[in-house]
Structures are given as C-alpha cells and as structure tokens.
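Letters A, B, ... are given to chains in the order of the sequence lines, protein chains preceding strands, and every chain is numbered from 1.
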Protein chains: 2
Amino acid sequence: MFTGCPPVAAPIRIGDKWTAKIIRCLEQGPRRFTELQTPLRGITPKVLTESLRAMERDGLLTRTAYQEIPPRVEYELTDLGRSLLEPMNAGCEWSRRHLPELIAARDAWHAAS
Amino acid sequence: MFTGCPPVAAPIRIGDKWTAKIIRCLEQGPRRFTELQTPLRGITPKVLTESLRAMERDGLLTRTAYQEIPPRVEYELTDLGRSLLEPMNAGCEWSRRHLPELIAARDAWHAAS
DNA sequence: CCGGATCCTTAAAGATACTG
DNA sequence: CAGTATCTTTAAGGATCCGG
C-alpha cells in the first residue's frame with residue numbers, strides 16, 4: 001500500500017490481507033499462535049505462519065519459542081511494528097469519516113445502472 | 001488496506017496495486033487516459049480501465065468524455081478521492097521515517113540465514 | 001485516442017491431512 | 001500447541017487483438 005509514494009518502491013507486506021489485522025491483534029500485548037488464529041477467524045495455520053514469518057523477517061514482530069511441553073510460542077510487536085499503528089489509524093479515521101460517502105456513491109451507481 | 005479497522009469491512013479498492021498511484025497521478029489536476037498510462041508505466045489499457053471504472057463507481061473520481069474527433073476523456077479527482085491523500089500521506093511519511101529500519105531488518109535476516 | 005473483448009499467467013490464499 | 005506438507009482454488013493482473 002505505502003508503495004504508492006513515488007520515492008518508495010520496496011514491496012512491504014502491509015497492503016496484503018492479513019498483516020494489518022495481525023498488528024491489531026498484537027496491539028495490546030504479546031499473543032500466542034492460537035490466540036491469533038481465533039480472532040482472525042478463518043485463517044489457516046499455513047497462511048498465518050507465512051504472514052508471521054514475513055513480518056518477523058521485516059522486523060515488525062518478534063517470535064519467542066519457550067522450550068516447554070506442550071510448546072508455547074509468543075509473538076510480540078517491535079517498536080517498528082508498533083509504529084505502523086499510526087498510519088493505520090489515519091486510514092481508520094478516514095474510513096470513519098468518509099466511508100458512508102463512498103458507500104452512497106456506489107449505491108447510487110448501482111441504482112443508475 | 002483500510003479494511004484492517006475492525007468496524008469497517010467493506011472491500012474498498014485502495015490496497016490494490018494501482019488505485020493509490022492513480023490518485024497520485026491525478027493530484028495536480030485532471031488527466032487524460034494516455035496521460036495516466038504513461039507515468040503508470042506498464043499498466044495495460046484493460047487494467048487501467050478497470051481501475052478507473054471501479055474508482056468512478058466509488059465516487060473517487062469523475063470521467064468526462066468530450067464528443068470530439070479524435071475522442072478525449074478526462075479523469076479528475078472528486079473531493080472524496082482527494083480526501084484519501086491525507087491517509088496516503090501518513091503512509092508515505094511512515095515510509096520516509098521507518099523504511100530504512102525495515103530494510104535493515106530484512107537484510108540482517110538474510111545475512112543470518 | 002480511448003478503450004472493449006478474449007485469453008492466459010501467476011501469486012495469494014484456502015482446504016486438508018499430518019507431525020514433533 | 002504450533003506448526004509442516006501438499007494440493008487446489010481464485011482473483012488480480014497482463015498480453016493481445018479488435019472496434020467506434
């Protein structure tokens with residue numbers, strides 16, 4: 001998404017389907033694998049794993065595996081990951097303010113067709 | 001992209017590949033079809049048409065066809081479309097400030113593997 | 001010049017089953 | 001619990017040709 005900014009063309013995984021939602025789930029503190037899987041209902045373990053690995057690589061979150069039985073793994077936002085909340089909130093604020101207009105425009109178009 | 005905000009789940013075409021870039025291209029004023037195609041180098045007419053139609057439906061821009069020969073069509077941002085520049089700029093600002101950290105984290109990960 | 005129509009490729013995501 | 005492995009699906013995007 002942020003690749004729309006001309007001088008920046010690196011492919012950051014933010015505009016994909018899950019990254020922003022995962023950040024939201026981690027906003028209040030560290031969460032375990034299944035604690036993420038539940039609110040992100042429908043996400044398969046494969047896709048969740050892929051998303052978390054990519055975010056870990058990009059320094060957005062940390063993965064901590066505890067050597068216990070049963071195993072326990074916790075994911076936590078880094079400062080970098082947390083910094084993304086700011087532009088995300090800007091987007092949410094836009095939605096709150098303008099999404100009704102957009103829906104209305106879309107409905108009007110459908111009515112006209 | 002902005003669908004990450006919990007109470008908002010409507011599928012707005014912002015996080016896709018072209019919408020944000022088209023808005024940037026229209027930021028300075030109305031543009032013709034081919035004037036958009038050039039800076040968005042590589043976009044095919046089909047995809048550009050699809051994107052513009054979707055944005056028109058959502059009230060982000062207007063399409064004005066002049067009955068001339070050769071034909072001329074101009075696209076221009078609406079106020080609603082222009083309002084998206086604000087959250088987009090927030091994203092760009094994040095990129096300017098934090099993208100180097102992300103790139104560094106990614107490079108460090110690759111080096112460790 | 002501005003696209004519509006058709007076909008094709010590919011990457012993200014989902015379904016399902018299985019394991020340390 | 002926290003994944004891995006494999007297969008299938010799907011929708012975005014691209015290539016190409018055609019028409020008003």
Side-chain angles (χ1 to χ4, degrees), chain A residues 1-4 9-26 29-58 60-76 109 113, chain B residues 1-4 9-26 30-58 60-76 113:
Chain A
M1 160 60 187
F2 302 152
T3 59
I12 316 302
R13 282 175 62 97
I14 291 297
D16 71 339
K17 188 170 181 179
W18 297 108
T19 300
K21 294 177 183 177
I22 290 173
I23 291 178
R24 283 287 174 207
C25 290
L26 292 175
R31 293 286 183 271
R32 304 177 58 169
F33 191 86
T34 40
E35 288 176 332
L36 290 170
Q37 207 173 1
T38 302
L40 303 172
R41 56 178 188 172
I43 194 172
T44 60
K46 176 205 161 201
V47 174
L48 180 53
T49 300
E50 286 173 355
S51 301
L52 290 170
R53 291 279 190 278
M55 293 172 73
E56 186 188 4
R57 282 210 329 268
D58 287 349
L60 300 181
L61 52 78
T62 58
R63 175 183 186 274
T64 308
Y66 298 91
Q67 295 305 321
E68 307 173 354
I69 291 176
R72 183 164 58 100
V73 179
E74 283 194 341
Y75 296 92
E76 184 170 16
W109 192 92
S113 77
Chain B
M1 161 61 187
F2 301 152
T3 60
I12 315 302
R13 285 175 59 98
I14 291 297
D16 71 340
K17 188 170 179 180
W18 298 109
T19 300
K21 294 178 183 177
I22 290 172
I23 291 178
R24 282 287 173 210
C25 289
L26 292 175
R31 293 287 183 271
R32 304 179 57 171
F33 190 86
T34 41
E35 287 176 332
L36 290 170
Q37 208 173 1
T38 302
L40 303 171
R41 56 178 188 173
I43 195 173
T44 60
K46 175 207 162 200
V47 174
L48 181 53
T49 300
E50 286 173 356
S51 302
L52 290 170
R53 290 279 188 276
M55 295 172 71
E56 187 188 3
R57 283 210 328 269
D58 287 349
L60 300 181
L61 53 78
T62 58
R63 176 183 186 273
T64 309
Y66 298 91
Q67 294 306 320
E68 308 172 352
I69 291 177
R72 182 165 60 99
V73 179
E74 282 195 343
Y75 297 91
E76 185 171 15
S113 79

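When the C1' atom of C/dC2 is taken as reference, atom CZ of B/R32 falls 9 Å away, rounded to whole Å. Rounded to an integer number of Å, the gap from A/R41 CZ to C/dA15 P is 13 Å. Atom CD1 in B/I69 sits roughly 14 Å away from atom P in C/dC2 (whole-Å rounding). C/dG3 atom C1' lies 9 Å from atom CG of B/L48, rounded to whole Å. Summarising the geometry, the separation between CG on A/L52 and C1' on D/dT4 is reported as 14 Å, rounded to the nearest angstrom. Atoms CD (B/Q37) and C1' (C/dG4) sit 14 Å apart, rounded to a whole Å. Rounded to an integer number of Å, the gap from A/I22 CD1 to C/dA12 C1' is 14 Å. Regarding A/E74, its CD atom lies at a distance of 14 Å from the P atom of D/dC1, rounded to whole Å.
OP1 or OP2 of D/dG3 sits under 4.0 Å from a side-chain N or O of A/R63. For the pair B/R72 and C/dG3, the criterion of a side-chain N or O lying under 4.0 Å from OP1 or OP2 is not met.
Looking at B/F33 and B/P45, their side chains come closer than 4.5 Å, going by heavy atoms from C-beta outward. In this structure, B/E76 and B/T64 have side chains that are not in contact, with every pair of non-hydrogen atoms separated by 4.5 Å or more. Looking only at side-chain heavy atoms (C-beta outward), B/R53 and B/R63 come within less than 4.5 Å of each other. Considering only heavy atoms from C-beta on, A/E74 comes within 4.5 Å of A/Y66 through its side chain. Contact annotation: the side chain of A/L36 approaches that of A/L26 to within less than 4.5 Å [non-hydrogen atoms, C-beta and beyond].
Each of D/dG3, C/dG3, D/dG13 was ranked by its minimum atom distance to the side chain of B/D16; first place goes to D/dG13.
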Which pairs, protein N/O on one side and nucleotides 14-20 of chain D N/O on the other, fall under 3.5 Å?
unit_1	atom_1	unit_2	atom_2	d
D/dG14	OP1	B/K17	NZ	2.9
D/dG14	OP2	B/W18	NE1	3.4
D/dG14	N7	B/K46	NZ	3.3
D/dG14	O6	B/K46	NZ	2.2

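One distance of note links OG of B/S51 with CG of B/L60; it measures 11.5 Å at 0.5 Å rounding.
Remark: of the listed residues A/I43, A/L40, A/D16, A/L40 is the sole one forming a side-chain contact (heavy atoms from CB on, under 4.5 Å) with A/K21.
B/Y75 comes within 4.0 angstrom of the backbone, heavy atoms only, and of no base.
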